[in-house]
K.L.:
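Please find one structure pasted underneath; my questions will follow.
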Protein chains: 2
Amino acid sequence: MPPNVRRTTLADIAQRAGVSVATVSKVVNGRGDVAPQTRARVQELLHQHDYLAPVFRHTEALESPTIEVQFQGDLKSYVAKALEGIIDSAAEAGASVVISKASRAPHWARDLVSAGRRALIAVTSVYTAAHLKELARVGLPLVVLDPLHLPDSQVNSVGATNFSGGLAATRHLLSLGHRRVAYLGGPAMAVCNQARMHGYRAAMEAEGAPVPDAYIRPGEFTYETGLLGAAALLELEEPPTAIFTGNDEIALGVIETARARGLRVPEDLSVVGFDDTDLAQMASPPLTTVRQPLREMGGAALRTALRLANGDKVESHHIELATELVVRASTAPPGEEASARK
Amino acid sequence: MPPNVRRTTLADIAQRAGVSVATVSKVVNGRGDVAPQTRARVQELLHQHDYLAPVFRHTEALESPTIEVQFQGDLKSYVAKALEGIIDSAAEAGASVVISKASRAPHWARDLVSAGRRALIAVTSVYTAAHLKELARVGLPLVVLDPLHLPDSQVNSVGATNFSGGLAATRHLLSLGHRRVAYLGGPAMAVCNQARMHGYRAAMEAEGAPVPDAYIRPGEFTYETGLLGAAALLELEEPPTAIFTGNDEIALGVIETARARGLRVPEDLSVVGFDDTDLAQMASPPLTTVRQPLREMGGAALRTALRLANGDKVESHHIELATELVVRASTAPPGEEASARK
DNA sequence: CTGAAAGCGCTTACAG
DNA sequence: CTGAAAGCGCTTACAG
């Protein structure tokens with residue numbers, strides 16, 4: 001708020017509403033003794049004129065807005081990476097970052113506003129229509145990072161080019177000479193997983209490589225899925241010689257299953273991950289993977305959140321940053337033994 | 001603050017100081033036209049009576065204090081784990097967690113107070129006497145998680161039993177039949193590293209196993225250190241058959257160096273990590289490591305911070321939680337070849 | 001249900 | 001350098 005613009009006061013609202021200051025004060029403080037129509041009219045005006053109660057005036061300090069970042073479940077590597085980007089961009093912008101687990105307690109959205117949060121960034125969280133309505137009601141802007149649902153024009157979101165990532169990963173394997181490539185992915189419902197899978201499928205079809213149903217396995221974005229899924233794939237009549245996975249954790253599970261069965265990666269089995277978290281760089285062998293620019297995505301989400309908090313419009317409700325194939329040591333041409341293996 | 005206790009007002013202070021409310025107001029707002037002695041006397045009284053300017057009154061809401069957590073460098077796995085513990089305990093206590101990178105901009109400590117932070121948790125950060133003085137000056141309590149320096153009675157800190165962790169890890173390797181065990185650690189200056197190393201040394205000496213100087217290598221707590229340090233160790237005249245590392249990241253570097261040289265873990269080389277981050281569970285082979293209860297440590301740090309924020313005394317300025325050996329698949333008895341290897 | 005009036009905590013222009 | 005006085009934004013007990 002520019003210094004020369006006066007804050008809206010109760011008197012301003014009272015005058016416009018044609019009531020006394022006392023009545024407006026009662027509405028603001030939620031007292032019971034106000035006629036419903038009067039209350040409605042006053043509330044409307046308060047909202048129109050951005051009235052802010054004194055207790056919350058500190059949130060006005062635009063130099064230091066506070067953004068809440070919520071995640072679900074564990075604070076995994078890729079959440080941490082995105083968070084780094086959020087924190088760095090916030091520091092640049094002079095904003096503060098509050099981090100919490102998504103909670104859906106009764107007045108969660110209103111509580112966030114009361115606590116002075118100016119916007120909410122949800123990292124891969126599930127949001128229902130009811131949540132969005134609640135946010136809209138209290139006027140808290142939302143940015144979803146790596147959305148699980150299809151980009152909806154109601155919701156601002158930041159993602160990555162998952163389809164081209166899947167395409168690039170699979171082409172890389174095909175160009176090495178693999179034909180029997182499987183996709184071991186995350187939840188079938190998640191759009192990011194669907195996009196990666198369709199990228200895989202597109203690359204396979206373009207090459208005329210067959211994709212038996214058993215070569216596409218959904219699961220969770222977890223190590224467990226990698227461990228079990230790889231075992232199932234390797235026991236197929238025609239086991240794949242390469243596995244493209246939905247994320248790095250799954251890939252590590254695949255590597256471990258291969259190792260436990262005496263298969264060498266990449267000589268006997270090639271593995272490609274997705275995300276390029278710390279896990280990928282530190283895997284043994286270091287993992288070929290599709291890099292999601294998680295830091296940059298976090299930064300973009302933070303800047304979008306600040307704009308929305310400021311009441312500015314945003315050019316596009318969905319931004320997608322480019323993925324990039326990072327070739328390390330977990331991929332190689334298919335070996336003789338591998339191709340010949342049962 | 002109990003609801004029946006009235007807030008200190010400017011009038012209270014004015015009366016005690018024997019000046020007018022106007023003068024007190026000027027002192028609070030840092031106006032120039034006040035006599036130095038008057039200013040000093042009033043400031044003293046303001047401080048004594050915990051006067052809080054209206055703009056900062058929101059920090060008074062004891063139900064929801066805000067704690068700042070600062071880390072340095074990257075948001076690594078073990079910081080993320082500690083952060084999970086901090087976030088969960090904060091949610092239980094109804095507190096908020098602001099996360100940022102440690103910055104030493106001018107007035108950093110005062111800025112934290114102005115922003116309403118009630119305490120600071122520093123995760124493995126370097127704190128100099130000057131920093132501590134600055135914090136003391138503005139009255140902001142500090143809790144250091146996994147301190148790099150020796151526990152100082154001036155500083156509240158939460159750590160883990162690093163010495164017994166080092167002891168347990170090394171005994172485990174000795175009990176498997178290893179004699180040539182090396183320690184590849186972190187910074188020689190870090191107390192946590194020293195304690196782990198001395199635990200190692202104690203176990204080796206108790207067993208009468210020789211510890212050549214070359215078997216103790218300091219480094220950084222990084223994958224790189226593991227990569228390079230393992231290469232150096234394996235090229236010794238008498239290479240170790242087992243390596244105990246300062247943390248999981250180093251251990252992953254060691255595993256990769258072993259793999260790249262065609263050595264199998266654990267058949268040809270046993271490796272033990274420290275921390276038990278996600279990295280350890282997802283390594284290939286899964287890593288035997290010393291678990292630091294990072295979540296619990298984070299929780300303890302948060303609760304200590306809240307107590308200090310509340311003005312309560314804390315029983316002990318340093319708490320140490322127990323480490324625990326987690327045996328997975330990266331350790332085994334020394335193989336024939338390994339013992340005989342040049 | 002409404003609002004005039006008293007009052008609270010604070011700030012500031014200005015007289016001394 | 002000090003403070004009486006006017007004033008601001010808000011709340012609340014109470015009369016109607």
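In what follows, every chain begins at residue 1, and chains take the letters A, B, ... in the order their sequences are listed. Keep in mind that the numbers below use all heavy atoms, side chains included, and drop hydrogens, waters and symmetry copies.
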K.L.:
One thing to verify: whether Asp278(A) and Lys76(B) come together as a salt bridge, which I'm taking to mean a side-chain N less than 4.0 angstrom from a carboxylate O.
P.N.:
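Looking at Lys76(B) and Asp278(A), the cut-off is not met.
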
K.L.:
At what distance, to the nearest 0.5 angstrom, does OH of Tyr78(B) lie from CE of Met297(B)?
P.N.:
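One finds 9.5 Å between OH of Tyr78(B) and CE of Met297(B).
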
K.L.:
For Asn29(B) and dG9(C), give me the distance from atom CG to atom P, rounded to whole Å.
P.N.:
17 Å

K.L.:
Just how far is it from atom OG of Ser96(A) to atom CG of Leu112(B), taken to the nearest 0.5 Å?
P.N.:
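Between atom OG of Ser96(A) and atom CG of Leu112(B) there are 9.0 Å.
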
K.L.:
Show the numbers, then the answer: is there a salt bridge (charged side-chain N to carboxylate O under 4.0 Å, His left out) between Arg303(B) and Glu92(B)?
P.N.:
CA-CA 10 Å; Arg303(B) 284 187 296 274; Glu92(B) 266 173 41; 5.2 Å; no

K.L.:
What pattern of brackets, bars and dots sums up DNA chain C from 5' to 3', given Watson-Crick or G-U wobble pairs under 3.5 Å, [ ] for crossing pairs and | for another strand?
P.N.:
|||.||||||||.|||

K.L.:
Quick check for you: among dT11(D), dC10(C), dT2(C), whose closest atom lies nearest to any side-chain atom of Thr38(A)?
P.N.:
dT2(C)

K.L.:
Taking atom CG of Leu83(B) and atom CD1 of Ile121(B), what is their separation to the nearest 0.5 Å?
P.N.:
9.5 Å

K.L.:
dG9(C) C1' sits how many Å from Asp12(B) CG, rounded?
P.N.:
11 Å

K.L.:
Given the P atoms of dC10(D) and dC14(D), what is the spacing between them in whole Å?
P.N.:
24 Å

K.L.:
Can you give me the N/O atom pairs linking the protein to nucleotides 3-6 of chain C at distances under 3.5 Å, or say none if there are none?
P.N.:
unit_1: dG3(C); atom_1: OP2; unit_2: Ser20(A); atom_2: N; d: 3.2
unit_1: dG3(C); atom_1: OP2; unit_2: Thr23(A); atom_2: OG1; d: 3.2
unit_1: dG3(C); atom_1: N7; unit_2: Lys26(A); atom_2: NZ; d: 3.4
unit_1: dG3(C); atom_1: O6; unit_2: Lys26(A); atom_2: NZ; d: 2.7

K.L.:
Could you list the residues that satisfy side chain to side chain donor-acceptor pair (under 3.5 Å) with Thr304(A), not counting sequence neighbours?
P.N.:
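Not a single residue meets the side chain to side chain donor-acceptor pair (under 3.5 Å) criterion with Thr304(A).
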
K.L.:
Counting neighbours of CD on Gln15(A) that are heavy atoms of other residues, nucleotides or ligands and sit closer than 6.0 Å, is the number greater than 12?
P.N.:
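12 or below, so no.
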
K.L.:
Rounded to whole angstrom units, what separation is found between the CG atom of Leu10(B) and the P atom of dC10(C)?
P.N.:
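That distance rounds to 4 Å.
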
K.L.:
With rounding to the nearest 0.5 angstrom, report the CD to CD distance, Gln48(B) to Glu44(B).
P.N.:
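Rounded to the nearest 0.5 Å, the CD-CD separation comes to 4.5 Å.
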
K.L.:
Between dC10(D), dT11(C), dT2(C), which nucleotide has the shortest distance from any of its atoms to the side chain of Ala35(A)?
P.N.:
dT2(C)

K.L.:
Is it true that Arg117(B) and Asp111(B) have a side-chain N and a carboxylate O under 4.0 angstrom from each other?
P.N.:
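So Arg117(B) does not pair with Asp111(B) through a salt bridge.
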
K.L.:
Report yes if at least one side-chain N or O of Tyr51(B) is closer than 4.0 Å to OP1 or OP2 of dC10(C); otherwise report no.
P.N.:
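Yes.
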
K.L.:
Between C1' on dT2(D) and CZ on Arg39(B), what's the gap in Å once rounded to a whole number?
P.N.:
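About 13 Å, once rounded to whole Å.
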
K.L.:
In whole Å, I'd like the distance from the CD atom of Gln37(B) to the C1' atom of dC1(D).
P.N.:
11 Å

